[in-house]
2 protein chains.
Amino acid sequence: MPSPADRIDERADPPLPGRQREARANDTAVLAAAREVFAAQGHGASMADVARHAGVGVGSVYRRYPTKEALVEALRVHGVREAARLAAEVADEFAAPEQAADGAVGAFLTRQITGATGPILRPTGATGPLPKDLADATAELHAGLERLIAHDRAAGLLPSGFTTADVMQLLLHLRPTLPFPRAEADALHLRYLRLVLAGLRARAREDVGLGDGPSWDEWVGAWHD
Amino acid sequence: MPSPADRIDERADPPLPGRQREARANDTAVLAAAREVFAAQGHGASMADVARHAGVGVGSVYRRYPTKEALVEALRVHGVREAARLAAEVADEFAAPEQAADGAVGAFLTRQITGATGPILRPTGATGPLPKDLADATAELHAGLERLIAHDRAAGLLPSGFTTADVMQLLLHLRPTLPFPRAEADALHLRYLRLVLAGLRARAREDVGLGDGPSWDEWVGAWHD
DNA sequence: ATCGGAACGGAATCACCGTTCCGATTCACC
DNA sequence: GGTGAATCGGAACGGTGATTCCGTTCCGAT
């Protein structure tokens with residue numbers, strides 16, 4: 001299912017002179033390596049490790065990402081962009097009358113869990129205000145999630161009080177690191193996703209609301225400062 | 001609600017001569033400090049921090065816990081013991097005919113989430129074989145969970161295929177670190193717990209099993225080596 | 001009052017990691 | 001083939017944190 005846009009670097013293809021081509025190639029290699037290494041060892045992995053995995057020297061990593069945090073931040077943006085794209089994709093599919101039993105939100109979460117790319121989507125702690133690219137990607141994601149929720153609510157699959165922030169929280173909840181190989185871990189995560197979805201449908205059916213959760217802005221805001 | 005056994009050190013009371021009394025007192029202070037500090041700053045907190053919080057020198061910390069990992073390990077054992085005690089407690093309560101709507105498992109998870117003590121109950125990564133005290137505490141916990149599940153299954157609250165390992169996984173799922181003050185974070189976690197419980201009940205009612213998950217031994221084993 | 005040893009606190013040590021710096025390399029262009 | 005600029009790779013620097021070491025303090029016994 002890898003869409004053509006699955007590469008980590010999404011800028012326009014290179015009409016670039018030779019030397020800069022290598023630079024850019026390295027850039028994407030670094031990003032990909034960072035994703036792998038951080039996914040495997042947590043954010044505590046060393047820059048040297050990332051560089052080694054990317055097959056470049058540490059110097060080259062630092063030329064493009066002035067700081068470790070900048071690198072992590074780039075990955076975060078990538079993750080949010082990816083999620084936003086997935087949300088939009090699913091929303092488009094569900095715009096057609098045909099509809100899977102899980103609902104659009106369920107489909108989104110399912111694919112997000114099994115999606116090949118790293119688990120990065122979780123800010124570490126206190127960062128600065130909130131950089132522009134992240135803000136943009138976040139807004140896009142929000143829009144996508146709104147569509148998903150609107151669809152499922154219309155289909156009577158969601159209880160009242162369920163918001164976009166809930167989807168984000170579920171994303172967090174649904175993917176704790178498990179000491180199992182990828183496939184098994186995914187299976188376990190999906191097992192729980194199904195449970196949650198069943199819970200949502202039950203609540204919706206019985207018309208029991210969820211009560212208030214944070215708003216999108218509260219949720220996003222809480223992660224940044 | 002703090003039971004008399006809430007102190008972090010549970011050994012027999014000291015018939016001990018003066019100097020050793022201080023030693024033991026320091027020991028418990030260190031453990032308590034470690035729990036606070038690690039809970040607040042994550043396992044990345046420094047030993048110096050722990051020592052400072054405990055009001056002792058680093059040397060004293062190292063006399064009792066030869067290594068940072070040993071200290072973390074001690075906390076882990078404490079956490080499992082505590083969970084085991086809670087499980088047994090809840091199982092006892094539910095042995096009486098009166099029963100809360102959430103079921104015994106729900107009650108256990110609820111209290112585990114809101115229980116004041118740290119979130120530590122999550123092995124970091126690859127450790128050695130599995131030390132005796134941990135093994136013992138783990139066995140005790142397992143027994144308690146079995147009782148909880150037996151109770152709820154008899155009450156028709158759980159679908160087939162739901163196991164003790166599932167409870168452990170839920171514990172993991174249910175408590176990701178959230179950037180909110182404790183009370184709010186707990187509220188969000190409980191919100192999610194209610195959803196999961198509703199899902200379980202729905203599955204049970206509709207008689208839809210969960211499919212196979214890992215056994216207790218597989219689960220425990222996966223965390224240790 | 002003095003002595004021996006257990007326990008203490010914190011300075012010194014050592015390894016690791018983020019970051020900086022610089023000489024070597026490579027490529028585009030002459 | 002030669003030259004300069006853009007890149008590289010990786011050694012060196014500085015800081016942080018785990019761990020070790022040791023002089024000091026305190027208690028209980030003589």
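Proteins come first, then strands; the chains are lettered A, B, ... in the order of their sequence lines, and each starts at number 1.
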Pairing partner of D:dA5, by Watson-Crick or G-U wobble and under 3.5 Å for both distances, is C:dT26
Using a 4.0 Å heavy-atom cut-off, does B:Ala54 contact any base of the nucleic acid, only the sugar-phosphate backbone, or nothing at all? nothing
Counter-base of C:dC3, judged by Watson-Crick or G-U geometry with both distances under 3.5 Å: D:dG28
Find the distance B:Arg64:CZ to D:dT20:P and express it as a whole number of Å. 16 Å
Assess, by modelled atom type and distance only, whether the side chains of A:Arg35 and A:His78 contain a donor and an acceptor separated by less than 3.5 Å. yes
Between A:Arg111 and A:Glu89, does any NZ, NE, NH1 or NH2 come within less than 4.0 Å of an OD or OE carboxylate oxygen? yes
Rounded to whole angstroms, how far apart are CG on B:Asp49 and C1' on D:dT16? 12 Å
First of B:Val56 and A:Val58 reached from the 5' end of DNA chain C, by closest nucleotide: B:Val56
For a quick test of reading the model: is some side-chain N or O of B:Thr67 closer than 4.0 Å to OP1 or OP2 of D:dT19? yes
Which sits closer to the 5' end of DNA chain C, A:Gly59 or B:Ser60, going by the nucleotide each is nearest to? B:Ser60
Salt-bridge test for B:Arg147 and B:Asp92: reply yes if a basic N is under 4.0 Å from a carboxylate O, no otherwise. yes
Is B:Asp27 salt-bridged to B:Arg63, cutoff N-O under 4.0 Å? no
From the list C:dG18, C:dT19, D:dG17, which nucleotide is the closest neighbour of the side chain of A:Ser46? C:dG18
For A:Arg63 and B:Ala48, take the nucleotide of DNA chain D holding the closest heavy atom to each; which residue's nucleotide lies nearer the 5' end? A:Arg63
Can you measure B:Met47 atom CE to C:dA12 atom P for me and round it to whole angstrom units? 20 Å
Using a 4.0 Å heavy-atom cut-off, does A:Ala70 contact any base of the nucleic acid, only the sugar-phosphate backbone, or nothing at all? nothing
Nearest whole angstrom, please: distance from the C1' of D:dG17 to the NZ of B:Lys68. 8 Å
May I ask you to say whether A:Asp136 pairs ionically with A:Arg81, meaning some side-chain N is under 4.0 Å from a carboxylate O? no
Here the distance between atom C1' of D:dT7 and atom CG of A:Asp27, to the nearest Å, is 13 Å
Rounded to whole angstroms, how far apart are OH on A:Tyr62 and C1' on D:dC8? 16 Å
Nearest-Å distance, OH (A:Tyr65) to C1' (D:dT7)? 16 Å
